[in-house]
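Here's the structure, in structure tokens; my notes come after.
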Protein chains: 2
Amino acid sequence: METETAPQWLTDEEQCAWRTHVEVNRMLTYQLEKDLQPFNLTMNDYDILVHLSESDELRMRMSDLAAATLQSKSRLSHQITRMENAGLVRRENCESDRRGLYTVLTEDGMETMRRVAPHHVASVRRHFVDLVSPEALSELHKALTPIAEHLRSQRGKP
Amino acid sequence: METETAPQWLTDEEQCAWRTHVEVNRMLTYQLEKDLQPFNLTMNDYDILVHLSESDELRMRMSDLAAATLQSKSRLSHQITRMENAGLVRRENCESDRRGLYTVLTEDGMETMRRVAPHHVASVRRHFVDLVSPEALSELHKALTPIAEHLRSQRGKP
DNA sequence: CCCCGTTCGTTCACCTTTCAACTTCTTAGG
DNA sequence: CCTAAGAAGTTGAAAGGTGAACGAACGGGG
């Protein structure tokens, strides 16, 4: 019994769009990372600071933070250890669930956020947002939305 | 003298588009990587195989390959060593420049390409291309093009 | 109550990436 | 020619990431 079917290769337009997308991502990541370097932060660090600073009481459970930043628990654990050593966050026990831990943003971490955020936003503008018209940005958003939804629904499947 | 200016925060629409873009990238990378895992390949491996299979004589200079895949020479060197051990590629001396080396796609590498490509393309379709209309894909491409150009022009600046 | 399956977070061993030092070869200038 | 600047690749150590295994704690069904 034959289970193979002819592969549906991408059309030229599709391939071109796809490759541009991949390329933009890589180059963008590179630039943003580079722009954060003077502050001794990685995008990962920054992302965690953002999540914490936007959360209630400036704290989040490890698991929630891992889910929010799309990393494994293991990786987050290492990451938080590093950031703890840098004084940006601190671990705190969770009263209601004694297995659990909070990552708490320190005053130092907060101050770092305040100092770095304007530069990071400027970086995002310079390399992304300000390079396209509001209409194009809106189209882009519209195109990506169903993809985002699909991918969210796939999280941790077979 | 005052050099600071008020930061140009992102509008809600901008922020939303930006975050979706970042999120899609991370999740997409995760899925594509996962779909290649059964073949014992990473996206990095695959990307290199693509570049080689599309190049003249199925070979590329290390430097060119590093530039094409946006990685450091060091990283590529390690990467090629691994792929060489896996039998996918082989190093070959360059006659015209005795400092130089070619990475050459082996028959095994070629065969792996042929076997894996349909699955990878299907994966790209499933998680990206087929989720949006051709018009939306075209809009997306149009929006990303100026960004790609800008970023290419930034490669290796201060 | 008290298991037993689950969740939480860390740890360990292993792999990948980064960074700087290094070798070898090329090339432009004197 | 010869030399000095610099490009091509590699290397090895240190840092970062992955996945499985683990101990501790929760919590629902006998």
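Order of the sequence lines fixes the chain letters, A, B, ..., with proteins taken first and strands second; residue numbering starts at 1 for each chain. Heavy atoms only: backbone and side chains are in, while hydrogens, waters and symmetry mates are out.
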Where along residues 81-101 of chain B does a heavy atom fall under 4.0 Å from DNA chain C?
-> B:Arg82, B:Asp97, B:Arg98, B:Arg99
To the nearest 0.5 Å, tell me how far B:Met27 CE sits from A:Ile147 CD1.
-> 10.0 Å
Given atom OH of B:Tyr30 and atom C1' of D:dG19, what is their separation to the nearest angstrom?
-> 12 Å
Quick one: CE on B:Met43 to OG1 on B:Thr69, what's the gap to the nearest 0.5 Å?
-> 12.0 Å
Test side chain to side chain contact (heavy atoms under 4.5 Å, CB included) applied to A:Lys73 - qualifying residues, sequence neighbours left out = A:Ser63
Considering all heavy atoms of both residues, which atom of B:Leu76 and which atom of B:Ala66 are nearest to each other, and what is their separation?
-> CD2-N, 3.5 Å
Find the distance B:Leu65:CG to D:dA7:P and express it as a whole number of Å.
-> 20 Å
Name the pairs: protein N/O against N/O of nucleotides 12-14 of chain D, kept only if under 3.5 Å.
from: D:dG12; atom 1: O6; to: B:His78; atom 2: NE2; distance (Å): 3.0

Measure across B:Met62 and B:Ser77 and return the closest heavy-atom pair with its distance rounded to 0.1 Å.
-> CE-CA, 4.0 Å
Closest approach of B:Pro118 and A:Trp9, non-hydrogen atoms and distance?
-> N-CH2, 4.1 Å
Check each residue of residues 54-63 of chain A for a non-hydrogen atom within less than 4.0 Å of any atom in DNA chain C, then write out the ones that pass by number, or none.
-> A:Arg61, A:Met62, A:Ser63
Take the protein atom CD of A:Gln37 and the nucleotide atom P of D:dG16, then report the distance between them rounded to whole Å.
-> 12 Å
Which atom of B:Leu105 lies closest to which atom of B:Leu88, heavy atoms considered | CD1-O, 3.7 Å
Whole-Å distance separating the CG atom of A:Asn44 from the P atom of D:dA15 | 18 Å
Bounds of contact between DNA chain C and chain A, in 5' to 3' order, using a heavy-atom cut-off under 4.0 Å = C:dT7 to C:dC12
Taking all non-hydrogen atoms of both residues, which atom of A:Ala148 and which atom of B:Thr20 are closest, and how far apart?
-> CB-CG2, 4.1 Å
Atom-pair distance (CD1 on B:Ile80; P on D:dT11), nearest Å = 13 Å
Run the side chain to side chain contact (heavy atoms under 4.5 Å, CB included) check on A:Arg98 and A:Asn93 step by step: do they pass?
-> CA-CA 7 Å; A:Arg98 283 190 303 164; A:Asn93 287 324; over 6 Å; no
Nearest-Å distance, CE (A:Met43) to P (D:dG17)?
-> 12 Å
Hey, which sits more toward the 5' end of DNA chain D by its nearest nucleotide, A:Ser72 or B:Tyr102?
-> B:Tyr102
Gap between atom CZ of B:Arg126 and atom CD of A:Gln154 - 0.5 Å precision = 7.5 Å
Classify the ring geometry between A:His21 and B:His21 as parallel (under 30°), tilted (30 to 60°) or perpendicular (over 60°).
-> perpendicular
Can you sort out the partners of A:Leu10 under side chain to side chain contact (heavy atoms under 4.5 Å, CB included), two or more places apart, ordered by chain and number?
-> A:Glu14, A:Gln15, A:Trp18, B:Val121, B:Val124, B:Arg125, B:Val129
With a 4.0 Å cut-off on heavy atoms, is B:Gln79 in touch with a base, just the backbone sugar-phosphate, or nothing at all?
-> sugar-phosphate
B:Arg114/B:Glu107 under salt bridge (Lys or Arg N to Asp or Glu O under 4.0 Å): CA gap, chis, key distance, verdict = CA-CA 11 Å; B:Arg114 279 192 286 261; B:Glu107 185 43 51; 3.0 Å; yes
Stepwise, does the side chain to side chain donor-acceptor pair (under 3.5 Å) test hold for A:Asp130 with B:Gln8?
-> CA-CA 11 Å; A:Asp130 285 353; B:Gln8 283 301 236; over 6 Å; no
Once you round it to whole Å, what is the distance between P of D:dG6 and NZ of B:Lys73?
-> 14 Å
